Amino acid sequence: MSDAIKHECGIALIRLLKPLEYYKEKYGSAFYGVNKMYLMMEKQHNRGQDGAGFASIKLDTKPGERYISRVRSIAQQPIQDIFSQINERVNKEFSLHPEYQNNVALQKKHIPYIGELLLGHVRYGTFGKNSVESVHPFLRQNNWMHRNLIVAGNFNMTNVTELFNNLVEIGQHPKEKADTITVMEKIGHFLDDAVSKIYKDLKKEGYSKIECSPLIAERLKISKILKRAAKNWDGGYAMAGLLGHGDSFVLRDPAGIRPAYYYKDDEVVVVASERPVIQTVFNVPFEEVVELAPGNAIIIKKSGFTEIKQILEPLERKACSFERIYFSRGSDAEIYQERKELGRLLMPKVLEAIDNDTKNTVFSYIPNTAETSFFGMIDTVEEHLNHKKTEVILRGKRSLSAEKVEEILSERPRIEKIAIKDVKLRTFITEDSSRDDLVAHVYDITYGVIKPSDNLVIIDDSIVRGTTLKKSIIKMMDRLNPKKIIVVSSAPQIRYPDCYGIDMANLESLIAFRAALELLRDSGKYNLVDEVYQKCITQVGMKDKNVQNYVKEIYDSFSDDEISDKISELLSDEDVKAEVKIIFQPVKNLHKACPNNLGDWYFTGDYPTPGGNRVVNKAFINFYEGNKERAY
Ligand SMILES: NC(=O)CC[C@H](N)C(=O)O
């Protein structure tokens with residue numbers, strides 16, 4: 001990926017179903033859960049590097065004993081940082097109290113972080129600041145065990161403001177306008193409500209106050225709380241929560257926008273944002289890790305009883321296709337094949353762009369995420385060559401000499417590693433005037449493998465703003481003096497903002513949008529921009545379900561190729577000597593390659609929730625009025 005887009009978050013939940021002694025006995029440590037959590041978070045570091053957080057709960061502690069621990073960090077290496085804090089603390093306890101070493105009961109009683117229920121989170125912020133207060137898990141404390149709530153999520157709601165106002169209307173006074181707090185308070189409100197109702201019932205049934213507590217834990221219906229809390233959520237989410245006494249849950253949005261997978265055996269229940277994470281950390285095969293169905297929650301009671309419950313009526317399934325193209329780890333068995341297929345499907349257009357001249361074409365990719373689709377692309381080049389070779393040989397009707405046949409067979413796709421990522425440079429990049437110069441050096445280039453008669457084909461997984469391509473990659477590639485530079489994007493053109501967890505909230509930074517504006521200008525139709533703005537303005541304040549996406553009209557009169565050609569023009573400066581061509585994946589091929597992830601709103605403008613149309617409407621108004629703020 002050449003453009004750095006902020007995106008996603010990762011969640012990990014572990015519930016140990018046996019007493020801690022069991023893990024000490026079987027795996028040598030009562031910190032089994034903590035160690036597994038470290039691995040689960042590390043294996044999801046691709047999903048968020050702004051911050052990381054960890055929380056754990058000890059079951060069945062005595063009053064007065066601490067049972068909730070939490071640590072959060074926004075250090076440079078936040079996962080490392082939280083686990084070195086945990087390690088330091090644990091080691092300190094062990095050296096001060098050697099008697100804890102082989103006594104799990106003492107460990108549980110005195111050492112923090114150890115516990116049967118653990119929640120981890122890696123964050124890329126899409127809302128609010130990048131301070132440690134915004135790092136998940138969030139904690140809502142109370143003296144009643146059941147009312148303690150810990151929440152972490154991979155989510156973005158399009159209607160946080162409305163949800164926030166709802167809370168104020170019911171008399172609450174949230175201390176911050178953070179989306180995670182808003183969501184947590186919503187759950188907390190109905191949790192409080194449920195706890196007091198059960199308490200009243202129990203009192204009526206004749207139980208004493210102290211007898212009530214364990215019975216409340218038993219009777220709490222998490223599904224009911226979630227149903228009431230999530231009723232008005234409009235967004236993409238995988239929300240995880242722990243309750244002080246030991247119940248836990250993960251709820252996935254009704255369109256299945258954000259991902260969630262789970263695994264259960266008689267020792268653990270595990271939930272994570274990505275499947276291979278669970279496979280690797282718990283050493284289980286693909287088939288045993290199950291995707292959580294949209295609108296469903298996995299609910300793990302304190303007793304260990306686990307069930308999958310439908311919480312919200314599922315919408316049409318629109319799982320985010322960007323997860324497959326770029327965000328999730330390519331080590332997932334399905335994602336790997338899908339990425340290869342994306343590369344394969346692009347090939348006919350590439351062959352056309354190079355006039356089938358594979359002999360004078362070098363194929364390469366932008367590291368690291370485009371590597372898999374590159375393999376797919378090369379598969380197809382090989383097929384194409386085999387076809388060509390067979391034809392020539394057959395045409396020779398057995399009259400060809402052995403040397404000639406060998407020469408024909410020797411043609412191979414020319415593959416080179418052209419762009420090299422200098423990872424360290426990225427950390428210096430800031431939003432100031434020296435940025436452009438630094439951006440230009442994030443990648444380095446391999447010299448000496450391109451001839452002036454060569455085409456250079458380079459595949460990237462997507463092109464969002466095009467900044468790095470324009471300022472760095474294309475210029476560097478041009479220094480190698482190729483005849484033609486062809487940049488291939490395994491994702492279609494990104495035309496609309498995201499509002500479900502990827503940080504692409506404004507329109508004017510999208511290169512496809514800028515290309516469409518240029519085309520309108522060129523064809524003397526720029527007044528359409530004013531017309532669309534007027535239409536957007538009339539929709540302000542309308543009910544979400546009645547709002548339409550008028551921004552589509554900006555693209556309507558142009559073909560995909562016209563927009564691609566304009567993008568090529570915009571990305572190539574006058575000092576670039578080679579001809580530059582950009583090829584994008586058609587949306588229908590994306591669906592063919594990733595048939596389970598049909599969520600494509602950033603490419604098509606078809607938002608899966610009503611709030612999406614409100615966001616794109618607002619994004620257009622912001623663009624028109626020169627307002628830099630986010631549209632949600
Ligand atoms: N990428 C995400 O899932 C972000 C979660 C949440 N909206 C936050 O900003 O903290």
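Every number for a ligand or one of its atoms is a count from 1 in the order of the listing. Note that the structure is a prediction, hence the values are computed from the model and not measured.
Each of the atoms 1 (N) of ligand 1 lies under 4.0 Å from some heavy atom of Gly501. Ligand-side atoms of ligand 1 in range of Gly125: 9 (O), range being under 4.0 angstrom from any heavy atom. Atoms of ligand 1 lying under 4.0 Å from any heavy atom of Tyr124, numbered from 1 in the order shown and given with element: 1 (N), 2 (C), 4 (C). Listed by atom number, the atoms of ligand 1 under 4.0 Å from Cys9 heavy atoms are 1 (N), 2 (C), 3 (O), 4 (C), 5 (C). If you number the atoms of ligand 1 from 1 as listed, the ones under 4.0 Å from a heavy atom of Arg123 come out as 8 (C), 9 (O), 10 (O).
Salt bridge status for Arg495 with Asp600: absent, with no side-chain N to carboxylate O gap under 4.0 Å.
Inclusion of Ser134 in the set of residues having an N or O under 3.5 Å from an N or O of ligand 1 is not warranted.
Looking only at atom types and distance, the side chain of Gln310 has no donor-acceptor partner in the side chain of Asn296 under 3.5 Å away. For the 3.5 Å distance criterion, the side chains of Asn148 and Tyr67 qualify, holding a donor opposite an acceptor.
Using a 4.0 Å cut-off between heavy atoms, Asp179 contacts ligand 1 through its side chain alone, with no backbone atom that close. Residue contacts with ligand 1, taken as heavy atom pairs separated by less than 4.0 Å, involve His136 solely via side-chain atoms from C-beta onward.
With a 6.0 Å cutoff to the six-membered ring centre and a 45° limit on the axis angle, Lys618 does not count as a cation-pi contact of Tyr632. With Phe54 as the aromatic partner, Arg72 does not meet the cation-pi criteria of under 6.0 angstrom to the ring centre and within 45 degrees of the ring axis. Both tests pass for Lys177 against the ring of Phe164: distance under 6.0 Å to the centre and angle within 45° of the axis.
When Phe155, Phe138, Tyr237 are checked for heavy-atom proximity to atom 3 (O) of ligand 1, Phe155 turns out nearest.
Listed by chain and number, the residues in a salt bridge (charged side-chain N to carboxylate O under 4.0 Å, His left out) with Arg324 are Glu334, Glu338 (sequence neighbours excluded).
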